[in-house]
Amino acid sequence: VILYYTIRMNVILYLALLILELIFLGGLAAYSIGLLYSSIMGAPYVPTSKKHIDEILKKANLKKDQVFMELGSGDGRIVRRAVQVYGVKGIGVDINSLLIILSKLLASRQHLEEVTFLNKNIFDVNFSNANCIYMFLMPETIKKLLPKMEKEIRKGTLVISHGFKITGWEKKIVYTIKSEPFSTFYYKT
């Protein structure tokens, strides 16, 4: 009888561990597919350090009650920091639903009520309410996004492009933070 229960408990334990492994591997696969999808859509997930985020946001001269929009927001660290430090209203936009879920969880943990995360393609979002738009997108994506930005962004909006210049906006550039491996470019529309 003892041998029967020992074998039964070992089988149950083995099956429980197997189920946990399958759940972990399934989650890892979903996360990896999400990152690959983000990369294909033009915004690979590349986290920026807190020190660099603070430097970027300081130069933006954000004011309370402005709307700060982050395109390709990843885990939302930049828009969350803008809301936390400067009191802006934040909007993070990302096509990767797993990163949006993570962003919402992190914002909730930080008790940030003035930030919204949209699980959308950046081409489906209206930019007209933003006072400041931050993006860390691939050059091809920026090029495709430019006509939409020029049509929807209102006069005086600050556009921050981390990593890559906005081709055609050379006369709108107002400031550059030079750093390795990515510089940050500030444009005033």
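The residues of the chain are indexed from 1 along the displayed sequence. Note that the structure is predicted; figures quoted are calculated from it, not measured.
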Q) Step by step, would you call I95 with I122 a side-chain contact (heavy atoms from CB on, under 4.5 Å)? A) CA-CA 8 Å; I95 199 162; I122 57 175; over 6 Å; no

Q: Take I166 and K143, measure what side-chain contact (heavy atoms from CB on, under 4.5 Å) needs, and give me the verdict at the end.
A: CA-CA 7 Å; I166 300 176; K143 185 177 179 180; over 6 Å; no

Q | Least distance between heavy atoms, N119 atom then S97 atom | A |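 N119 and S97 have their closest heavy atoms at OD1-CB, 3.1 Å.
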
Q: Pick out which of T157, L158, V88 makes a side-chain contact (heavy atoms from CB on, under 4.5 Å) with C132.
A: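 With C132 as partner, T157, L158, V88 yield a single side-chain contact (heavy atoms from CB on, under 4.5 Å), made by L158.
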
(Q) Between Q66 and F68, is the side-chain contact (heavy atoms from CB on, under 4.5 Å) condition met? List the steps. (A) CA-CA 6 Å; Q66 286 184 324; F68 180 91; over 6 Å; no

Neighbour count >12 (heavy atoms, 6.0 Å) for atom [atom1], [X]:
| X | atom1 | answer |
| --- | --- | --- |
| K148 | NZ | yes |
| E170 | CD | yes |
| K172 | NZ | yes |

Which donor-acceptor pairs under 3.5 Å do side chains of residues 7-21 form with protein atoms, sequence neighbours excluded?
{"unit_1": "N10", "atom_1": "ND2", "unit_2": "T6", "atom_2": "O", "d": "3.4"}

**Q.** S103 side chain vs G74 backbone, donor-acceptor pair below 3.5 Å
**A.**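 Looks like yes, one N/O pair under 3.5 Å.
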
Q. Do V174 and I56 share a hydrophobic cluster (ILVMFWY, side-chain heavy atoms under 4.5 Å, transitive)?
A. yes

Name each donor-acceptor pair under 3.5 Å that joins a side chain in residues 176-184 to protein atoms two or more places apart or in another chain, with its distance.
{"unit_1": "S179", "atom_1": "OG", "unit_2": "F182", "atom_2": "O", "d": "2.7"}
{"unit_1": "S183", "atom_1": "OG", "unit_2": "S179", "atom_2": "N", "d": "3.3"}
{"unit_1": "T184", "atom_1": "OG1", "unit_2": "H162", "atom_2": "ND1", "d": "2.7"}

